[in-house]
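Read through the structure below, which is laid out as structure tokens, and then see the notes.
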Amino acid sequence: NAKPIEARYITRLILGELRIGIGEGNIRDAVAKAFDVPAAAVEHAFQASNDLGEVAVLAKSGVGALETVRVELFRPVKMMLARQGTIAAMLEEERVLAAEYKYDGTRFQFHKKGSECRIYSRKLEEVTKAIPDVANMLLEATTHDAILDGEVIAIDEDTGRPLPFQYVLRRFRRKHDVEGHMQKIRLVPNIFDIICIDGRTLIDEPFSERRKILTESVSRYVAPQIDSDDIGTIEAFYRSALADGHEGIMIKSRSAHYTPGVRGKEWVKIKPAVDTMDLAVIGAEWGEGKRAKHFGSFLLACRDELGELIPLSKVATGISDDMLDILYEMLKDIVISESKNTVTFEPDTVFEVGYAEIQKSPTYEAGYALRFPRFIRLRDDKSVEEIETLQSIEARFAEQTKRLQG
DNA sequence: GATGACTGCCC
DNA sequence: ATTCTGC
DNA sequence: GCAGAATGGGCAGTCATC
């Protein structure tokens, strides 16, 4: 009996995507207003407890109650996040910076109390059983009760160098045959922060202080770090990170508190500029939401020795609304075939596409796929005869492997 | 029991 | 993850 | 500057179906 607009929200309610503009931020502000306490106090209590319901109850008793909230073991807090940025801009903000490797693995939060421990993923799911080897390594790394923050990577047994991210994925959330994969893929934790030690909450300590506590209380797997006020030194550190097969570096404010769930300017990631290649647009999928009535993503192909077009990746991000419109008008008339969600085009269009890395792909015919593909621009000046070839992609992959594997 | 579509989560 | 957009 | 909304590859897990 529901009217269309009602049906819409009933459906969203069931799907868990209400999208009515009331997210955590608004609830937090509402709690602050309802009980006449500062929003910052509510925010801080929420960051430490990760429980808005509990925060609301405490807020009712006033600011004093909110200030009693502590980070607790086995109640994970959200991870502090980083933004993209530059070393130069960061150095204008702060004279001395901390720099660490940026590991291409999976973030974790380790909680330990005595001989009991748990490991949580970025979404705060417990993954202890999937990576018991890592749990043991971390247990042995400190005698303290603590909450540690870090990144697990897979490493090559022989060379000790990092393996591609895909290897970590094969282990991180595994439930079956954990033992078997433990032998095949060696994981190593890298710890770069400490959130709690022996009952003491550290989120309001400056990073320099947390780092000091970390190095004093954890004996193994602590991520290397340098402090520097010199751009040349930090750039050299960045080059050494890449030379060692890492993704780049993180640069961090030494005075910053640990702010759970916040993607602030205190942590900045530095990665290589994107590479680019020209590929043919051979198909698309219909979009959803604000991309309804448009193509939402585009299937891309390279050429093989015979000139055949071989699917390699899709691309969807990096396209402005205007360009999305232009592309629709351009491509809608050269649709060759159409099935449920997809269309194929006469291959006549070339995109320049940016990417972070070439990956081995089990899904694409090319045997490779692009990691983090993004639309750069339409190459109306190029024909499909001039696009990237499978051979040149293999060459790029070999070059990349040489760089990563030394 | 094998295969494939789909989901959720890692980046 | 990246990117764009409206506020 | 921020939050929200589009979307990428790829992995394990789940469930329906052959």
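Letters A, B, ... are given to chains in the order of the sequence lines, protein chains preceding strands, and every chain is numbered from 1.
Spacing between C:dA1 and B:dG8 at atom C1', rounded to whole Å, works out to 15 Å. Going from the C1' atom of B:dC11 to that of D:dC2 covers 23 Å, rounded to whole Å.
Legend: salt bridge (Lys or Arg N to Asp or Glu O under 4.0 Å) pairs involving residues 294-313 of chain A, not counting sequence neighbours: none detected. Within the structure, every pair that satisfies the salt bridge (Lys or Arg N to Asp or Glu O under 4.0 Å) test and touches residues 170-184 of chain A, not counting sequence neighbours, is listed here: A:Asp133-A:Arg171. Note on residues 146-161 of chain A: pairs passing salt bridge (Lys or Arg N to Asp or Glu O under 4.0 Å), not counting sequence neighbours, are A:Arg107-A:Asp149, A:Glu157-A:Arg186. The ring-ring contact (aromatic ring centres under 6.0 Å, His included) analysis of residues 297-345 of chain A, with sequence neighbours excluded, yields the pairs A:His294-A:Tyr328, A:Phe295-A:Tyr328, A:Phe295-A:Phe345, A:Phe298-A:Phe351. Within the structure, side chain to side chain donor-acceptor pair (under 3.5 Å) pairs that include any residue of residues 40-49 of chain A comprise A:Arg28-A:Glu43, A:Glu43-A:Gln47, A:His44-A:Asp204 (at least two apart or interchain). Applying the salt bridge (Lys or Arg N to Asp or Glu O under 4.0 Å) rule to pairs touching residues 265-282 of chain A yields A:Glu247-A:Lys271, A:Asp278-A:Arg379, A:Asp278-A:Lys382, sequence neighbours excluded.
Annotation: cation-pi geometry satisfied between A:Arg118 and A:Phe74 (NZ/CZ under 6.0 angstrom from ring centroid, within 45° of ring axis).
Under the 3.5 Å distance criterion, with hydrogens and angles disregarded, a donor-acceptor pair is assigned to the side chains of A:Thr344 and A:Ser337. A side-chain donor-acceptor contact under 3.5 Å links A:His111 and A:Gln109. A:Gln391 and A:Thr389 share no donor-acceptor pair across their side chains, judged by distance under 3.5 Å alone. Defined by atom type and a distance below 3.5 Å, a donor-acceptor pair is present between the side-chain atoms of A:Glu94 and A:Ser253.
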List the atom pairs, with distances to 0.1 Å, where a side-chain N or O of residues 362-369 of chain A and a protein N or O form a donor-acceptor pair under 3.5 Å, not counting sequence neighbours.
unit_1	atom_1	unit_2	atom_2	d
A:Thr363	OG1	A:Ser361	OG	3.1

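The CD atom of A:Glu357 sits 15 Å away from the C1' atom of C:dT2 (whole-angstrom rounding). The OH-P distance, from A:Tyr328 to D:dT7, rounds to 16 Å in whole Å. If you measure from atom CE of A:Met323 to atom C1' of D:dA6, you get 17 Å, rounded to the nearest angstrom. Distance, A:Tyr355 OH to C:dT3 C1': 19 Å, rounded to whole Å. Look at CG on A:Leu324: it is 11 Å from C1' on C:dC4, rounded to the nearest Å. Here D:dA3 presents its C1' atom at 15 Å from CD1 of A:Ile27, a figure rounded to the nearest Å. Here the P atom of nucleotide D:dA3 and the CG atom of A:Asp29 are 10 Å apart, to the nearest Å. Distance, A:Arg83 CZ to C:dT2 P: 14 Å, rounded to whole Å.
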When you check every protein heavy atom under 4.0 Å of nucleotides 8-18 of chain D, what one-letter string (B, S, -) results, 5' to 3'?
-> BBBSSSS----
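For the pair A:Asp104 and A:Arg371, the salt-bridge criterion is met [side-chain N within less than 4.0 Å of a carboxylate O]. Here A:Glu399 does not pair with A:Arg396 in a salt bridge; the nearest charged N to carboxylate O distance is not below 4.0 Å.
Between A:Phe110 and A:Tyr120, the distance separating the two ring centers is not shorter than 6.0 angstrom.
Residues of residues 121-137 of chain A having a heavy atom closer than 4.0 Å to DNA chain C, listed by number: A:Arg122. Taken residue by residue, residues 260-275 of chain A places heavy atoms nearer than 4.0 Å to DNA chain C at A:Lys269, A:Lys271.
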Within the sub-3.5 Å range, which N or O atoms of nucleotides 5-7 of chain C have a protein N or O partner, and how far apart are they?
unit_1	atom_1	unit_2	atom_2	d
C:dT5	OP1	A:Asp321	N	3.0

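The nearest pair of heavy atoms linking A:Lys252 to A:Glu100 is NZ-OE1, 2.9 Å. Taking both residues in full, the closest heavy atoms of A:Phe35 and A:Ala56 are given as CE1-O, 3.6 Å, listed atom of the first, atom of the second, then distance.
Here A:Gly287 lies in heavy-atom contact (under 4.0 Å) with sugar-phosphate atoms only. Looking at heavy-atom distances under 4.0 Å, A:Gly105 makes contact with sugar-phosphate atoms alone, never a base.
Taking every nucleotide of DNA chain B with any atom under 4.0 Å from a non-hydrogen atom of chain A, the first and last of them, 5' to 3', are B:dG8 to B:dC11.
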